[in-house]
*Asks:* 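Can you read through this structure? Questions will come right after.
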Amino acid sequence: MPRLALYALAVCVLSVAAAVVSFAQGSWLGIVWILLLGVSSNIAWYYVRKAKNDKAAARDEAAARGKA
């Protein structure tokens with residue numbers, strides 16, 4: 001898993017914990033943490049998919065060179 005995806009995943013986990021604590025204390029600030037969770041999960045998903053697609057493209061390129 002790419003390093004940036006791992007960082008984004010760590011932010012996801014921390015924002016969930018912060019949201020739970022905020023809502024448990026009766027603060028509506030937890031909504032901000034939920035929004036941060038959404039953004040960071042999208043970033044993590046993007047970098048995981050990008051790494052997968054880059055690996056597939058490199059494999060296809062190597063296969064194309066082998067045929068030529």
*Asks:* Using side chain to side chain contact (heavy atoms under 4.5 Å, CB included) as the criterion, list what pairs up with Tyr46, not counting sequence neighbours.
*Replies:* Lys50
*Asks:* Without placing hydrogens or testing angles, list every side-chain donor-acceptor pair under 3.5 Å for residues 25-33, not counting sequence neighbours.
*Replies:*
residue : atom : partner : partner atom : Å
Ser27   : OG   : Leu29   : N            : 3.1

*Asks:* Which hydrophobic side chains are connected to Trp45, either touching it within the sub-4.5 Å cutoff or through other members that do?
*Replies:* none
*Asks:* Apply side chain to side chain contact (heavy atoms under 4.5 Å, CB included) to Leu4 and list each qualifying residue two or more places apart in sequence or on a separate chain.
*Replies:*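 Listed in chain order: Tyr7, Tyr47.
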*Asks:* With sequence neighbours left out, write down each residue that passes side chain to side chain contact (heavy atoms under 4.5 Å, CB included) with Ala8, or none if nothing qualifies.
*Replies:*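 Ile43, Ala44.
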*Asks:* What side-chain donor-acceptor pairs closer than 3.5 Å can you find for residues 34-42, not counting sequence neighbours?
*Replies:*
residue : atom : partner : partner atom : Å
Ser40   : OG   : Leu36   : O            : 3.0
Ser40   : OG   : Leu37   : O            : 3.2
Ser41   : OG   : Leu37   : O            : 3.2
Ser41   : OG   : Gly38   : O            : 2.9
Asn42   : ND2  : Gly38   : O            : 3.4

*Asks:* Considering only residues two or more places apart or on different chains, which pairs with a residue in residues 23-44 satisfy salt bridge (Lys or Arg N to Asp or Glu O under 4.0 Å)?
*Replies:*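 Every pair satisfying salt bridge (Lys or Arg N to Asp or Glu O under 4.0 Å) with a residue in residues 23-44: there are none.
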